[in-house]
Amino acid sequence: MKKEMEKAFNKQVNAEMYSSYLYLSMESYFQSISLSGFAAWMRAQVQEELFHGMKMYDYIHERGGKARLESIAKPEEKWETPLVAFEHILAHEQHVTSLINNLIDVALDVRDHAAKAFLDWFITEQVEEEATVGQIVDRLRLIGKDSSGLFLLDTELAKRVFVMPVTK
Ligand code: MG
């Protein structure tokens, strides 16, 4: 793997680890306001982001590179409402999508078609991520200040469990 590609992958490992850290902070926020279903959903999200980071990390080594770990930024700790938290997730995932797109630009620049093929999985994953989170944002907007709607959604989100995707 070319140095430029390796550097870009390493940056993305950090971005995925930061995502995991941000969602862990959100899990703690939801625990603190006793929305345990939202917290459980967030725990699955934490594991998913860790999986993304590790998938990139392993790929760097698979291609003969070296993973280099940088500091992970401190995430925010508090959000005004569950809606504000989910709007934050949506904006963050849109940002991550742009980072993956940039990574593919680098892969194409250095003619690393293997890396491009590897990154296609992430592109599909981001479409799913944005759709899922976007739907929750919409529902939270509909719910507004109706606490019974919020508790219903909490019960539904509690059902999410992280399933390790079957990929190489
Ligand atoms: Mg991710």
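Numbering of ligands and ligand atoms starts at 1, following listing order.
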Q: May I ask you to test the I136-L90 pair for a side-chain heavy-atom distance under 4.5 Å?
A: no
Q: A quick test of your reading: do over 12 heavy atoms of other residues, nucleotides or ligands sit less than 6.0 Å from CD of Q135?
A: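 No.
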Q: Which N/O/S atom belongs to E16 and is the closest one to the Mg ion (ligand 1)?
A: OE1
Q: Give a yes or no on whether E49 keeps an N, O or S atom under 2.8 Å from the Mg ion (ligand 1).
A: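 Looking at E49, which is the residue asked about, there is an N, O or S atom under 2.8 Å from the Mg ion (ligand 1).
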Q: Have a look at H52 and say which of its N, O or S atoms is nearest the Mg ion (ligand 1).
A: ND1
Q: Does N14 reach the main-chain N or O of S71 with its side chain, forming a donor-acceptor pair under 3.5 Å?
A: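 Yes, N14 side chain to S71 backbone: donor-acceptor pair under 3.5 Å.
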Q: Determine, for W41 and K159, whether the Lys NZ or Arg CZ falls below 6.0 Å from the six-membered ring centre while staying within 45 degrees of the axis.
A: no
